[in-house]
Amino acid sequence: MRSDQMKKGIERAPHRSLFKAMGYTDEEINRPIIGIANSFNEIVPGHIHLRQIVEAVKAGVRMAGGTPIEFGGIGICDGIAMNHLGMRYSLASRELIADSVEVMAQAHPFDGIVVVPSCDKITPGMLMAILRLNIPAIVVSVGPMLTGNWRGKRVNLISVFEGIGQVKNGKMTEKDLQQLENEACPTCGSCAGMFTANSMNCLTEALGLALPGNGTIPAVTAARIRLAKRAGAQIVDLVARDIRPCEIATMPAFRNAIAVDMALGCSTNTVLHVPAIAHEAGVDLPLEVFNEISSLTPHLCNMIPAGPHSLQDLDQAGGIQAILKELDQLGLIEREILTVTGNTVGENIKKAHVTNREVIRAASSPYHKEGGIAILYGNLAPGGAVVKQSAVAQEMLHHKGPARIFNSEDEAYQAILEKKIRPGDVVVIRYEGPRGGPGMPEMLSPTAAIVGMGLDREVALLTDGRFSGGTQGAAIGHISPEAAEGGPIGLVKEGDIIEIDIPGKKLTLCIPDEELEERKRQWKPLPARIKKGYLARYARQVSSGAKGAILLEGTD
């Protein structure tokens, strides 16, 4: 066993003595030792419940004859960090999370590991770690939050963000907004809707690194506790069979996950995280693969925020396994690859079925013929840009309008709330990429304000930053190269005409090539916003959004 490095033989008597100082018995020490990375804290609603989930995982490990050993990890709440300095740390925390799990599992050589994340950067960070370690591993999340009910309609966190714009536009009172904030997030769990956290937990299941149900079973149900117990027992079996994450997370598995991504209409942040996870697995996953799979995959689920259906609805309709089975009928799923159940995808989906055809449409009658995400290219985004096309109004799929230039999110947000943005405008927020931000902050506040002001069918927003999974409308992010690298988005001037063609996958700055080259010669970067600490170091090391914003090797 891998843990023999710290427990076997007379040379390890001091090590065993330290285990016994914590109350472990010889019998417990001799069993397979399972590390449990618990990202519990008291500031993330998707993590407040994790103590109970981890206790269930431990129970499962013990039932199967293993010894669970828990350690902690950090986690940032993107909603609470939104629209201030804290958001610059969110994406950057992904690398710290991956590194910290690696450090703990290498310093204390566990035989297997269960990672217990839930929210936006924690799930991908822990996935990166288990693929980097490549020891038997399984993922268990806390599950989605239930939707709220306010005045007879379903509400969620995004409803509150959009409510700010409605107050500014006179469509809602401040008292209404206060009542809404009391009802929008009624339980623990990852925020209700196909936002980044739920997207990544669903894709973890589709990738085969979590048990069926991980992506959709609600946080507050007994089924979630039972799932955690089964996962705890299953990791002991994975250790016994020496089934490792990199045997599961192969290129075919990533293609399966991307197909599910497209069928669900997941967060655009998946286009950052999935390539970063693939990188740790030694799988090259260029952006073009997303467009290729999107062109073949029908959009089967109309999930919050683009549509009416919640994760609870999706779970009751059959969940991720039912979607895999539906896509399998189109020949889009690789059936013979292994999963953490110990069985293949094909064996897992054998008994899956759809129970609600409104929530999970048949492949023959999808909501859209193409998948939920599109990658756009053009002279404004030579390295690519990302849009959730399933959440864009029909009239905004093609749009041409004058650029309104802002060199920070704050400037743009204030301009929107002060009604300085006009119908037809293309709001450009730049110097908010991985390096320029630094940290590639989410733009939920300005996009939600555009929706709340009633402009989402008339105004587009472009950025080298990124968007929340809760964003809807013609919001195009991850524009690469970013402004801080001298990318074309940094060369746009106020009033320049920008043309958006989402069906044609094009993003064009309508100026002559010679003019663009002349502007590039004259371009000078803005001074760095942050000059010391972790973010300054991150800015020096991080790659472009087109490469998953991974940290580059050999840089300082």
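Please read all numbers here as calculations on a predicted model, not as lab measurements.
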>> Could you check whether any side-chain N or O of S544 sits under 3.5 Å from a backbone N or O of A546, counting only pairs where one atom can act as donor and the other as acceptor?
In response: yes
> Are more than 12 heavy atoms from other residues, nucleotides or ligands located less than 6.0 Å from atom CD1 of I43?
Replying inline: no
> If you measure only the distance, is there a donor-acceptor pair under 3.5 Å linking the side chains of D313 and S310?
Replying inline: yes
>> If the condition is side chain to side chain contact (heavy atoms under 4.5 Å, CB included), which residues does P109 pass it with, not counting sequence neighbours?
In response: R2, Q5, M6
> Is a side-chain N or O of N201 found less than 3.5 angstrom from the main chain of A197, in a donor-acceptor match?
Replying inline: yes
>> Give me each pair satisfying salt bridge (charged side-chain N to carboxylate O under 4.0 Å, His left out) with a member in residues 122-139, each pair once, sequence neighbours excluded.
In response: D99-R132, E102-R132, R132-E280
> Mind checking what makes ring pair (Phe, Tyr, Trp, His ring centres under 6.0 Å) contact with H368, not counting sequence neighbours?
Replying inline: H299
>> I'd like to know if the side chain of Y534 and the backbone of S93 have a donor-acceptor N/O pair within less than 3.5 Å.
In response: no
> So, are K58 and E70 salt-bridged, with charged N and O less than 4.0 Å apart?
Replying inline: yes
> Any side-chain donor-acceptor pair under 3.5 Å between T147 and N156?
Replying inline: no
>> Ignoring hydrogens, what is the shortest heavy-atom contact between N214 and R224? Give both atom names and the distance.
In response: O-NH2, 2.9 Å
> CD1 of I337 to CG of N256: how many Å apart, nearest 0.5 Å?
Replying inline: 4.5 Å
> For residues 466-476, which residue pairs qualify under salt bridge (charged side-chain N to carboxylate O under 4.0 Å, His left out), counting only residues two or more places apart or in two chains?
Replying inline: E442-R466
> Which atom names give the shortest non-hydrogen contact between V101 and A37, and what distance separates them?
Replying inline: CG2-CB, 4.3 Å
>> Suppose we screen for side chain to side chain contact (heavy atoms under 4.5 Å, CB included). Which residues come up paired with E247, at least two apart in sequence or across chains?
In response: R244
> Do side-chain atoms of S190 reach the backbone of G143 as a donor and acceptor pair under 3.5 angstrom?
Replying inline: yes
>> Taking ring pair (Phe, Tyr, Trp, His ring centres under 6.0 Å) as the cut-off, I'd like each qualifying pair that reaches into residues 245-266, sequence neighbours left out, listed once.
In response: none
>> When you compare the side chain of L238 with that of P245, does any pair of heavy atoms fall below 4.5 Å?
In response: no
>> If you define the side chain from C-beta out and look only at heavy atoms, does anything of C202 sit under 4.5 Å from M194?
In response: yes
> Taking C-beta and beyond as the side chain, do N269 and V386 meet within less than 4.5 Å on heavy atoms?
Replying inline: no
> Can you list the steps and then say if E485 with R435 is a salt bridge (Lys or Arg N to Asp or Glu O under 4.0 Å)?
Replying inline: CA-CA 8 Å; E485 291 185 298; R435 291 187 183 181; 3.7 Å; yes
> Is T270 reaching over with its side chain to a backbone N or O of C266, donor-acceptor style, under 3.5 angstrom?
Replying inline: no
> Which heavy-atom pair separates V542 from A549 by the least distance, and what is that distance?
Replying inline: CG2-O, 3.5 Å
> How would you list all residue pairs meeting salt bridge (charged side-chain N to carboxylate O under 4.0 Å, His left out) that involve residues 77-95, not counting sequence neighbours?
Replying inline: D78-K121, R88-E432
>> Suppose we screen for ring pair (Phe, Tyr, Trp, His ring centres under 6.0 Å). Which residues come up paired with F110, at least two apart in sequence or across chains?
In response: F71
>> Under the rule for side chain to side chain contact (heavy atoms under 4.5 Å, CB included), what residues qualify as partners of T341, not counting sequence neighbours?
In response: L211, P212, T339, N343, N348
> Taking C-beta and beyond as the side chain, do P136 and I243 meet within less than 4.5 Å on heavy atoms?
Replying inline: no
> Ion pair present between E334 and R255, side-chain N to carboxylate O less than 4.0 angstrom?
Replying inline: no
>> Under 3.5 Å, is there a donor on one side chain and an acceptor on the other for S199 and S267?
In response: no
>> According to side chain to side chain contact (heavy atoms under 4.5 Å, CB included), who are the partners of A259, at least two apart in sequence or on a separate chain?
In response: I293, T297, L327, I333
> Is it true that a side-chain atom of S294 and a backbone atom of I373 form a donor plus acceptor pair closer than 3.5 Å?
Replying inline: yes
>> Ignoring hydrogens, what is the shortest heavy-atom contact between A137 and V340? Give both atom names and the distance.
In response: O-CG1, 3.6 Å
> Between Q472 and E162, does any side-chain donor sit less than 3.5 Å from a side-chain acceptor?
Replying inline: yes
> Is any side-chain heavy atom of N291 less than 4.5 Å from a side-chain heavy atom of K505?
Replying inline: yes
> Do L330 and P298 come within less than 4.5 Å of each other through their side chains, counting heavy atoms only?
Replying inline: yes
>> Looking at every non-hydrogen atom in both residues, tell me the closest pair between D464 and I489 and how far apart they are.
In response: N-CD1, 3.7 Å
>> On a heavy-atom basis, which atom in V44 and which in G75 lie closest, and how many Å separate them?
In response: CG2-O, 3.7 Å
> With sequence neighbours left out, what residues match D315 under salt bridge (Lys or Arg N to Asp or Glu O under 4.0 Å)?
Replying inline: none
>> Take a 6.0 Å sphere around NZ of K325 and say whether it holds more than 12 heavy atoms from other residues, nucleotides or ligands.
In response: yes
>> Quiz question: by atom type and distance under 3.5 Å, do the side chains of H47 and S39 form a donor-acceptor pair?
In response: yes
> Is any side-chain N of the basic residue among E409 and R430 closer than 4.0 Å to the acidic one's carboxylate O?
Replying inline: no
> Just by modelled atom types, is the I80 backbone N or O under 3.5 Å from a matching donor or acceptor in the H84 side chain?
Replying inline: yes
> According to the ring pair (Phe, Tyr, Trp, His ring centres under 6.0 Å) rule, which pairs have a member within residues 259-283, sequence neighbours left out?
Replying inline: none
